[in-house]
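Atoms within each ligand, like the ligands themselves, are counted from 1 in listed order. Only a predicted model underlies this, so the values are computations on that prediction, with no experimental measurement involved.
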Amino acid sequence: MAFELPDLPYDYDALEPHIDAETMRIHHDLHHGAYVTNANAALEGTEWADASIESVLTNLDALPDDKQAAVRNNVGGHANHSLFWRIMSPDGGGEPGGALGAAIDETFGSFEELRTALNDGGVKRFGSGWTWLVWDGTALSVYSTPNQDSPIMQSDVPLLGIDVWEHAYYLNYQNKRPAYLEAWWNVVNWPEVEREFASAAG
Ligand code: MN
């Protein structure tokens, strides 16, 4: 079964004023849409055509040499954006609770410390990429990745990722990536991140 572009779980303008409707439309329909189209084209006719995101991204070396870059970029892009839409909400913001909130306090000291680390990773990521909170199998961890590289490639479970490609913010924030990152926390969907954590670490 080929990959499919998931519907946005809210309207294009639902995250305003923090993320504008035109950015959401272009980002979801055109950028994510292209990752899905290109991922399916790269895998078509290979034994990986019906494989899961996880099995493809943890076995890139097993793919034909001339497919690896396209698969890494486009299956990675599909994985990253499929999570990104879900972990945002028009009712977002606030602080994490439950087991995730406790684990964040234990690992990073406080939610503020985590937020600073994630923003810092996003600001320092040169060019395009993502800043991540992941479950590495035994603990929470924060790091950034270039391009569309997914934490799944190193067998980590992405719990929260912020897209810092210019296409994610440029219409509204131009070169002010730190302002976008600050605003992003108003739309974070903690209940969904908490579900991801429970599923990964439970
Ligand atoms: Mn993006």
Side-chain angles (χ1 to χ4, degrees), residues 2-43 53-54 56-57 60 68-90 92-93 115 118-134 142-154 156-189 192-193 196:
F3 297 125
E4 293 181 0
L5 179 64
D7 290 336
L8 270 187
Y10 34 74
D11 292 335
Y12 295 124
D13 64 359
L15 305 182
E16 290 190 345
H18 310 294
I19 303 179
D20 64 282
E22 184 68 355
T23 293
M24 290 299 291
R25 187 188 66 77
I26 295 170
H27 198 177
H28 174 270
D29 294 10
L30 305 185
H31 287 278
H32 190 174
Y35 297 131
V36 171
T37 299
N38 294 336
N40 289 333
L43 292 170
I53 286 173
E54 288 74 17
V56 171
L57 289 181
L60 285 173
Q68 286 182 15
V71 170
R72 177 178 186 156
N73 292 333
N74 291 289
V75 178
H78 176 46
N80 295 342
H81 290 83
S82 295
L83 176 68
F84 189 56
W85 312 131
R86 286 193 288 108
I87 60 153
M88 297 191 289
S89 165
R115 183 164 72 165
L118 281 162
N119 285 359
D120 198 47
V123 168
K124 288 181 176 162
R125 168 50 56 192
F126 185 77
S128 297
W130 293 74
T131 181
W132 297 102
L133 172 67
V134 307
V142 167
Y143 55 78
S144 75
T145 59
N147 305 313
Q148 293 297 352
D149 284 3
S150 163
I152 297 169
M153 288 166 50
Q154 47 190 308
D156 291 341
V157 182
L159 305 177
L160 182 162
I162 311 175
D163 189 341
V164 298
W165 284 57
E166 286 187 344
H167 69 222
Y169 64 86
Y170 208 84
L171 293 181
N172 208 11
Y173 296 93
Q174 293 83 46
N175 61 321
K176 297 184 283 290
R177 188 187 287 182
Y180 156 70
L181 282 163
E182 281 299 321
W184 189 85
W185 295 100
N186 292 298
V187 298
V188 60
N189 180 0
E192 185 67 16
V193 180
E196 294 289 336

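- Aromatic ring pairs are classed by plane angle as parallel below 30°, tilted from 30° to 60° and perpendicular above 60°; the pair F3 and H78 is tilted.
- The Mn ion (ligand 1) is closest to atom OD2 of D163 (considering only N, O or S atoms).
- With a cut-off of 2.8 Å, the Mn ion (ligand 1) has no N, O or S atom of H32 in range.
- In this pair, F84 and H27 present their aromatic rings tilted. The plane angle is within the 30 to 60° band.
- For residue H81, an N/O/S atom approaches the Mn ion (ligand 1) to within less than 2.8 Å.
- Here the N, O or S atom of H27 that is nearest to the Mn ion (ligand 1) is NE2.
- Around the NZ atom of K124, the shell of radius 6.0 Å holds no more than 12 heavy atoms that belong to other residues, nucleotides or ligands.
- None of V157, V75, I152 except one satisfies the side-chain contact (heavy atoms from CB on, under 4.5 Å) rule with E54; the exception is I152.
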